[in-house]
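Within every chain, numbering begins at 1; the chains are lettered A, B, ... in the order of the sequence lines, protein sequences first and strands thereafter. None of the values given here were measured: they were computed from a predicted structure.
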Amino acid sequence: MSEPRSLHFIEEIVEADKASNKWQGRVHTRFPPEPNGYLHVGHAKSIVLNSSLARRSGGKFNLRFDDTNPEKEEQEYVDSIIDDVKWLGGDFEDRLFYASDYFAQMYEWAEQLVKKGKAYVCDLSAEQMREHRGTLTEPGRNSPFRDRSVDENLDLLRRMKAGEFAPGSKTLRAKIDMTSGNINLRDPVMYRIMKERHHRQGDAWCIYPSYDWAHGLEDSIERITHSICTLEFENHRPLYDWFLDQLGIYHPQQIEFAKLQLTYTVLSKRNLLFLVKEKYVSGWDDPRMPTIRGMRRRGYPSEALRAFCEDIGVTKNDTVIDLVRLENAVRDHLNTTAPRRMAVVNPLKVVITNWPAGQVEQVEVQNNPEDEKAGMRTVPFSGELYLERDDFMEEPPKKFFRLSPGREVRLRGAYFIKCESVVKDATGAVTELRCTYDPSTKGGTAADGRKVKGTIHWVSAQHALDAEVRLFDRLFSAEFPGQAHEGKPGVDRPFLLDLNPGSLVVAKAKVEPSLATERPGARFQFERLGYFCVDLDSKAGALVFNRTVALKDAWAKEVAAEESAPKPAAPAKAPEKKKEPAPPAGPAPEIEFADFTKVALKAGRVLTAEKVEKADKLLKLSVDLGEGAPRTIVSGIAEAFSPESLVGRNVVVVTNLKPRALKGIESRGMILASGSGKSLSLINPGDVPPGTDVK
RNA sequence: UGGGGCGUCGUCUAAGGGUAGGACAUCAGACUUUGACUCUGAGUAUCGUGGUUCGAAUCCACGCGCCCCAGCCA
């Protein structure tokens with residue numbers, strides 16, 4: 001391995017504290033999630049930071065649920081969080097705690113502050129409190145209830161606790177300084193009245209502590225030494241310190257670090273929840289989600305996630321980590337641990353014309369060239385095979401060294417084969433290759449020492465298993481999702497405009513027979529393609545594999561560079577699912593489509609989209625068709641698409657229809673789509689300029 | 001225009017008065033029964049302006065830029 005990395009700033013603080021014996025040599029950290037959602041990579045960084053800080057110092061690490069708000073918290077989230085933290089290797093042993101278990105102690109301390117004259121019951125409504133708070137540049141004003149007597153405050157607080165007052169009617173506030181430049185110090189709320197059932201406490205409480213009041217107390221009770229949180233809590237530290245100092249109780253040190261941000265990813269709970277609720281993804285565990293559950297299902301090993309978190313460092317700089325760093329960490333781990341298998345994702349049939357009819361040979365292949373101990377396996381070889389369609393080109397460019405007419409390649413672990421002829425269908429598409437093999441190249445080395453440049457993977461047609469392969473790509477196609485669309489009129493959630501339409505491609509693959517009985521979660525490298533794992537949905541006879549991450553592909557990069565360099569506007573080669581020219585959706589059943597050739601199809605770009613009044617299926621779109629002025633088109637796709645998800649999107653438009661009025665709006669054209677209702681999908685013309693003819 | 005924080009290669013991140021180093025990305029090459037892995041090489045950075053000093057990314061001053069804060073959320 002390389003040099004041991006230097007300590008990051010929090011490790012340095014910990015080391016200094018150990019040296020000065022500040023905490024009697026103890027190190028005790030915690031991860032304090034609120035159980036109101038699923039954990040994501042950002043949390044992983046925090047879990048790894050806190051747990052490894054404890055581990056490398058022989059200290060302790062707690063998992064504590066910060067469950068102080070019964071409105072949004074649920075047992076479901078508690079369970080998933082515990083499971084995810086364990087999976088990540090956050091070892092909290094038996095130290096699983098709940099802030100709600102400390103409610104009685106917290107309340108006692110609150111009475112203490114009241115008795116000291118440091119807290120008061122305030123009758124201001126939320127709105128009045130906001131008015132009194134002042135602004136960023138103007139000081140606040142004291143609450144008219146600020147000077148109530150200790151006795152009155154105590155009485156009121158007890159009656160708040162007893163449930164005598166309506167939710168929202170009173171709060172307990174710390175008496176600090178309404179003129180502070182730090183707004184958090186302007187008499188923050190300690191308790192609010194909420195008559196909600198708590199997921200653990202039931203109806204035992206009707207006042208609930210706020211974060212600022214509760215958090216330091218929780219840390220204090222657990223004798224935490226270093227209370228690590230993200231940068232946005234920096235402004236809260238004076239409050240954290242104030243409460244603990246007023247109470248004179250054990251006082252941990254709060255330290256802030258910059259949270260993780262990733263390119264091509266959104267990480268806010270709100271946005272992730274939206275993606276799930278609005279079905280842009282299949283759920284919290286959709287393998288494209290940056291949630292721990294999503295990454296687990298995708299096949300990311302926890303070791304890789306931890307290595308990534310250690311690798312990116314810990315600072316106070318507000319930075320964005322390139323997603324490829326995560327992907328590299330995953331490849332790195334899988335390269336040494338994942339057994340190799342052969343699978344053909346886009347099969348092209350090959351007949352070996354000189355192979356003895358009916359003969360089957362068992363070929364020995366290495367399971368993992370990076371790991372001798374992984375051993376060998378046998379793979380059946382026969383006269384009819386499937387190869388990857390991309391591994392053949394009828395007219396290859398110079399640097400292509402795979403199969404093409406007259407050329408020889410090695411079939412991994414088997415023989416050299418040479419392409420003798422190409423079989424095509426009526427449309428000219430290649431349907432089959434006729435090849436010969438050289439019996440003297442068994443195992444993949446030629447007796448005469450001749451070399452071949454290309455080695456490709458294969459499966460035997462009669463032995464191959466059918467499998468569904470889910471090819472995942474990044475969920476967003478923009479480095480900073482939504483950033484380019486910020487502030488556009490009518491766009492509530494700009495990140496939706498950057499959703500990557502190719503983030504999931506489902507393919508029918510042919511895989512080698514050894515994969516028949518693998519269990520969900522098992523990870524492999526499909527040679528030359530990428531790392532895959534068996535999905536939860538997989539069953540014997542109906543195998544499903546998820547592509548965890550593709551292998552790096554220098555050839556694809558070269559091809560892409562070639563395409564984009566000389567030609568003006570190369571269409572993106574996004575792997576699209578084949579789409580039938582389905583009947584166009586929309587409110588136009590009476591239009592004749594008997595003769596499809598008369599229909600003019602052009603690519604268009606949606607400029608604006610809005611709902612049509614009194615029509616829940618219709619959207620009014622303004623579409624740029626490269627004609628100067630955009631066209632107004634009314635389309636019956638509102639069940640499947642929100643207006644904001646359409647803006648900026650490329651669509652196929654039938655342009656030579658007679659204009660017709662819908663709900664009083666003249667519609668000049670029709671959007672091409674397939675399916676119906678909620679599962680409607682739009683035909684994508686690719687990345688071409690508006691006005692381009694679509695064939 | 002209040003308070004708090006942060007500015008080093010394209011992106012992360014070291015260097016804490018003494019040669020600006022590493023990783024990822026990029027490009028070029030070697031190796032290769034995975035166009036993977038591995039290896040070699042290349043280029044690119046201290047926000048600005050002054051000051052202190054033999055010497056400044058580092059200390060000081062003044063600017064500039066970015067982030068966070070006006071929930072009875074966390």
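Along RNA chain B, the nucleotide closest to A/R528 and the one closest to A/T68 are compared, and the more 5′ of them pairs with A/R528. The 5' end of RNA chain B is approached more closely, in terms of each residue's nearest nucleotide, by A/D553 than by the other of A/M129 and A/D553.
Residues of residues 228-237 of chain A having a heavy atom closer than 4.0 Å to RNA chain B, listed by number: A/E232, A/F233, A/E234, A/N235, A/H236. For RNA chain B, no neighbouring residue in residues 257-272 of chain A is found when judged by any heavy atom under 4.0 Å. Taken residue by residue, residues 321-339 of chain A places heavy atoms nearer than 4.0 Å to RNA chain B at A/I321, A/V324, A/R325, A/N328, A/N335.
Side-chain atoms of A/L551 lie closest to B/U34 of the nucleotides B/U34, B/A70, B/C12. Out of B/A14, B/G71, B/A23, the shortest distance to the side chain of A/R130 is found at B/G71. Nearest nucleotide to the A/T315 side chain, out of B/G35, B/U13, B/C37: B/U13. Checking B/C72, B/A25, B/U8 against every side-chain atom of A/R192, the shortest atom distance belongs to B/C72.
Between the CG atom of A/D390 and the P atom of B/U34 there is a distance of 18 Å, given to the nearest Å. Spacing between atom CZ of A/F9 and atom P of B/U58 amounts to 21 Å, rounded to whole angstrom units. Distance A/H40 NE2 to B/A74 C1': 12 Å, rounded to the nearest Å. Between the CZ atom of A/F31 and the P atom of B/A74 there is a distance of 16 Å, given to the nearest Å. Here the P atom of nucleotide B/C68 and the CD1 atom of A/I183 are 15 Å apart, to the nearest Å.
Nucleic acid contact for A/F400: base, since at least one base atom lies under 4.0 Å from a heavy atom of the residue. Using a 4.0 Å heavy-atom distance criterion, A/T455 is classed as a sugar-phosphate-only contact. Using a 4.0 Å heavy-atom distance criterion, A/F401 is classed as a base contact. Across all strands, A/Q525 comes closer than 4.0 Å to base atoms (heavy-atom distances). Across all strands, A/T319 comes closer than 4.0 Å only to sugar-phosphate atoms, never to a base (heavy-atom distances). Note on A/A554: only backbone sugar-phosphate atoms sit closer than 4.0 angstrom, heavy atoms only; bases stay farther off. In this structure, A/T171 reaches the bases: a heavy-atom distance under 4.0 Å links it to at least one base atom across the strands shown. A/R133 comes within 4.0 angstrom of the backbone, heavy atoms only, and of no base. A/E12 comes within 4.0 angstrom of a nucleotide base, judged by non-hydrogen atoms across all strands. At a threshold of 4.0 angstrom between heavy atoms, the contacts of A/K399 include nucleobase atoms, whether or not backbone atoms are also involved. Contacts of A/V320 with the nucleic acid, taken as non-hydrogen atoms under 4.0 Å apart, involve only primed sugar atoms and P, OP1 or OP2. Heavy atoms of A/L124 sit under 4.0 angstrom from at least one base atom. Residue contacts shown for A/P238 are absent, as no nucleic acid heavy atom lies under 4.0 Å away.
If you check the side chains of A/H215 and A/D66, you find a donor sitting under 3.5 Å from an acceptor. A side-chain donor-acceptor contact under 3.5 Å links A/Y531 and A/Q525. Checking A/Y102 against A/E222 by side-chain atom types alone, a donor-acceptor pair falls below 3.5 Å. Residues A/H457 and A/R412 bring no donor and acceptor atom of their side chains to less than 3.5 Å of each other. A donor-acceptor contact closer than 3.5 angstrom links the side chains of A/R331 and A/N328.
Distance CD/A/E512 to CZ/A/R340: 12.5 Å, rounded to 0.5 Å.
Within 6.0 Å of CD on A/E486 lie more than 12 heavy atoms contributed by other residues, nucleotides or ligands. Counting heavy atoms of neighbouring residues, nucleotides and ligands inside a 6.0 Å radius, atom NZ of A/K399 does not exceed 12 of them. More than 12 heavy atoms of other residues, nucleotides or ligands lie within 6.0 Å of NZ in A/K316, so this atom counts as buried by the packing criterion.
Using a 4.0 Å cut-off between a side-chain N of Lys or Arg and a carboxylate O of Asp or Glu, A/K72 and A/D67 do not qualify as a salt bridge.
For the P atom pair drawn from B/G16 and B/C12, the interatomic distance equals 22 Å after rounding to whole Å. The gap from the C1' atom of B/U32 to that of B/C39 amounts to 12 Å, rounded to the nearest Å. When the P atom is compared between B/A56 and B/U19, the two are found 12 Å apart, to the nearest whole Å.
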What do the steps show when you test A/L387 against A/V344 for side chain to side chain contact (heavy atoms under 4.5 Å, CB included), and what is the final call? CA-CA 6 Å; A/L387 304 185; A/V344 174; 5.8 Å; no

So A/L172 and A/V114, side chain to side chain contact (heavy atoms under 4.5 Å, CB included) or not? Walk me through it. CA-CA 9 Å; A/L172 182 73; A/V114 169; 3.9 Å; yes

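A/Y208 places a side-chain N or O within 3.5 Å of a backbone atom of A/E196 that can act as its donor or acceptor partner.
Where stacking is scored as ring centres under 5.5 Å apart with planes under 30°, A/Y211 does not register as stacked on the base of B/A74.
Geometrically, A/R341 does not engage A/F524 in a cation-pi contact defined by less than 6.0 Å to the ring centre and at most 45° from the axis.
The shortest distance between side-chain heavy atoms of A/I228 and A/I10 falls below 4.5 Å.
Annotated stems with RNA chain B as a participant read B:2-7 with B:64-69, B:10-13 with B:21-24, B:26-30 with B:38-42, B:47-51 with B:59-63, given as range with range, by first number; only runs of 3 or more Watson-Crick or G-U pairs under 3.5 Å qualify.
For A/K170 and B/C72, the shortest distance from a side-chain N or O to OP1 or OP2 is not below 4.0 Å.
Under the salt bridge (Lys or Arg N to Asp or Glu O under 4.0 Å) criterion, A/R389 pairs with no residue, sequence neighbours left out. Residues passing the ring pair (Phe, Tyr, Trp, His ring centres under 6.0 Å) test with A/F545 are A/F526, sequence neighbours excluded.
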